[in-house]
Amino acid sequence: CEGGNVKTQMVIAAMETQLSNGPSCNNTTNGPTTISNNCSSPVESGSIEDSKTNLIVNYLPQNMTQEELKSLFGSVGEIESCKLVRDKITGTQFLGRFKLITLGTIKWANIKELGLKLFVLFAGQSLGYGFVNYVDPKDAEKAINTLNGLRLQTKTIKVSYARPSSASIRDANLYVSGLPKTMTQKELEQLFSQYGRIITSRILVDQMTGVSRGVGFIRFDRRIEAEEAIKGLNGQKPPGATEPITVKFANNPSQKTSQALLSQLYQSPNRRYPGPLAQQAQRFRLDNLLNMAYGVKSRFSPMTIDGVTSLAGINIPGHAGTGWCIFVYNLAPDADESILWQMFGPFGAVTNVKVIRDFNTNKCKGFGFVTMTNYDEAAMAIASLNGYRLGDRVLQVSFKTNKTHKA
DNA sequence: TGAGATT
């Protein structure tokens, strides 16, 4: 993770499993027969004896590794243990005959400069905080004195004693909406401070105008304080406000979006486009995700943030007004339109396909175009079909760019 | 509904 690039390690692990009572492999199932959650409860750690040696370090730079953290804090004294907290496995679910393992925070990622929107799972990436447990309490104290407030890249790290982990200090983050646009962060804190100790607060602003979006976050020290603030402030009008505010617990992003992922994957094209390739389409998605998750070298190319940013220099993908134009490269000389319909149809509405042929031989020149109506379906088709082996060829599939326009 | 404060 160097040079400020956004690294996305994995997108999702989707693992095909042979369930003992599951359908056979060539049986088309249209949906989950069983949904189960195998989330194990987190192991709580920390103890009284650690309270003078164990530190929590917040606001670490995104790309800082555990080794770097250890190196930095090791300069103060001998470290008993050190851990950078990273995104982790969040759940296991069954999707028909597929076992779906979600390995982190799943988000729609907007790649604004490319006009792309991708469904990406951020797994294994730093959550921006960590723990350092010293052997000697004196070193812990020294680390607070010398490293708290240290500037690292764009961040100012915070070093403080970690409390023994317990449920009472977890999930104390609140989402607040309906705030008056004129309300400042300080006023927001004043409003909430009556319910407990505020750790952090934030008001979201419009990126263009800098004007408040009327939405903010309040992180309390303790869960119970957050609960009391919801009771006291949800549906209430702040002083001087004309509208009531909404106060609720902030999303646990990975959980919420896992559901979105499930419905996304389960949005089976089978019903609309019956046929042998329809089943493959879903299979492609899962295989593709599996490969991305495990870094398996295979016929599929992971479509990660990195994969996209590596395309920097290519202009906004081709939106022709009538739909999203997709460039398909490395088709065989005898390829025809029907193969494009078959491959892309299962992913959604296809309005046009074209194989580019040599004028004299009438053989395919190795590439073609597909136009799809809906962005999300086009993106999913690209993510799934890029790297797909068709016969003895590995296809390259991407949004059409200006570079290929003349062809 | 952002970054990232309880492993």
Side-chain angles (χ1 to χ4, degrees), chain A residues 1 6-7 40-48 50-51 53-64 66 69-70 73 79-90 104-110 122-134 144 148 152-179 185 188 196-207 210 212-226 230 234 245-260:
Chain A
C1 232
V6 181
K7 274 274 187 189
S40 56
S41 54
V43 177
E44 294 186 356
S45 58
S47 59
I48 300 298
D50 284 342
S51 67
T53 57
N54 196 24
L55 304 179
I56 184 166
V57 187
N58 289 296
Y59 309 110
L60 292 168
Q62 183 58 232
N63 60 2
M64 190 172 195
Q66 182 165 294
L69 181 66
K70 186 173 185 181
F73 282 80
I79 290 173
E80 194 272 327
S81 63
C82 170
K83 179 165 188 180
L84 179 70
V85 180
R86 295 178 178 278
D87 216 320
K88 60 174 184 191
I89 295 176
T90 56
T105 307
I106 302 158
K107 292 179 182 174
W108 275 108
N110 285 295
F122 297 83
Q125 71 167 10
S126 167
L127 294 185
Y129 67 94
F131 297 89
V132 176
N133 197 9
Y134 282 98
I144 291 175
N148 183 40
L152 290 175
Q153 299 171 41
T154 61
K155 306 281 189 174
T156 302
I157 69 169
K158 181 178 176 185
V159 185
S160 52
Y161 287 112
R163 291 173 294 175
S165 181
S166 81
S168 67
I169 58 173
R170 283 208 300 261
D171 301 323
N173 198 23
L174 294 180
Y175 170 80
V176 189
S177 60
L179 294 167
Q185 186 178 351
L188 180 68
R197 180 174 161 233
I198 294 170
I199 304 289
T200 55
S201 67
R202 181 189 312 278
I203 289 181
L204 304 185
V205 297
D206 183 285
Q207 283 194 325
S212 165
R213 290 162 59 187
V215 168
F217 293 88
I218 293 281
R219 182 182 296 280
F220 277 105
D221 192 37
R222 305 169 74 84
R223 168 88 182 184
I224 190 141
E225 296 167 340
I230 291 175
N234 184 37
I245 61 172
T246 299
V247 183
K248 52 191 181 183
F249 284 108
N251 277 346
N252 182 336
S254 39
Q255 286 172 6
K256 184 81 178 195
T257 48
S258 294
Q259 289 308 114

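Chain A is the first sequence line, chain B the second, and so forth, proteins listed ahead of strands; every chain is numbered from 1.
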Output the rounded distance in Å from [atom1] ([X]) to [atom2] ([N]).
X: A:Arg213; N: B:dG2; atom1: CZ; atom2: C1'; value: 9 Å
X: A:Asn251; N: B:dG4; atom1: CG; atom2: P; value: 17 Å
X: A:Glu225; N: B:dT6; atom1: CD; atom2: P; value: 13 Å
X: A:Tyr129; N: B:dT7; atom1: OH; atom2: C1'; value: 7 Å
X: A:Gln125; N: B:dG2; atom1: CD; atom2: C1'; value: 13 Å
X: A:Asp206; N: B:dT1; atom1: CG; atom2: C1'; value: 15 Å
X: A:Arg219; N: B:dT6; atom1: CZ; atom2: P; value: 5 Å
X: A:Gln62; N: B:dA3; atom1: CD; atom2: P; value: 11 Å

Heavy-atom check, side chain of A:Thr53 versus side chain of A:Glu80, under 4.5 Å: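 The answer is no, as the side chains (C-beta and beyond) never meet within the 4.5 Å cut-off.
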Classify the nucleic acid contact of [X] as base, sugar-phosphate or nothing, counting any heavy atom under 4.0 Å across all strands shown.
X: A:Lys155; result: sugar-phosphate
X: A:Asn173; result: base
X: A:Leu204; result: sugar-phosphate

Side-chain N,O (A:Arg202) to OP1/OP2 (B:dT1) below 4.0 Å: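 No, no such contact exists.
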Whichever of A:Tyr175 and A:Tyr59 has its nearest DNA chain B nucleotide further upstream toward 5':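 Here A:Tyr175 is the residue nearer the 5' end.
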For A:Tyr129, the option from A:Val57, A:Ile157, A:Leu69, A:Asn58 that meets side chain to side chain contact (heavy atoms under 4.5 Å, CB included):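 Among the candidates, only A:Asn58 passes.
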Listed nucleotide nearest any side-chain atom of [X], set [options]:
X: A:Lys248; options: B:dG4, B:dT1, B:dT6; result: B:dT1
X: A:Phe217; options: B:dG4, B:dT1, B:dT6; result: B:dT1
X: A:Ala162; options: B:dT7, B:dG4, B:dT1; result: B:dT7
X: A:Phe131; options: B:dT1, B:dT6, B:dG4; result: B:dT6

From CG (A:Leu84) to CG (A:Leu127), nearest 0.5 Å: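 So the gap between those two atoms works out to 8.0 Å.
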Atom pair NZ (A:Lys248) and CG (A:Leu174), whose distance is rounded to the nearest 0.5 Å: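 It is 11.5 Å, given to the nearest 0.5 Å.
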Close aromatic pair by centroid cut-off 6.0 Å: A:Phe217 and A:Tyr175: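 Centroid distance A:Phe217-A:Tyr175: below 6.0 Å, so yes.
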Check: A:Arg163 side chain, B:dT6 base, donor-acceptor under 3.5 Å: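 Donor-acceptor pair under 3.5 Å: yes.
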B:dG4 base / A:Asp87 side chain donor-acceptor hit below 3.5 Å: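 Side chain to base: no pair present.
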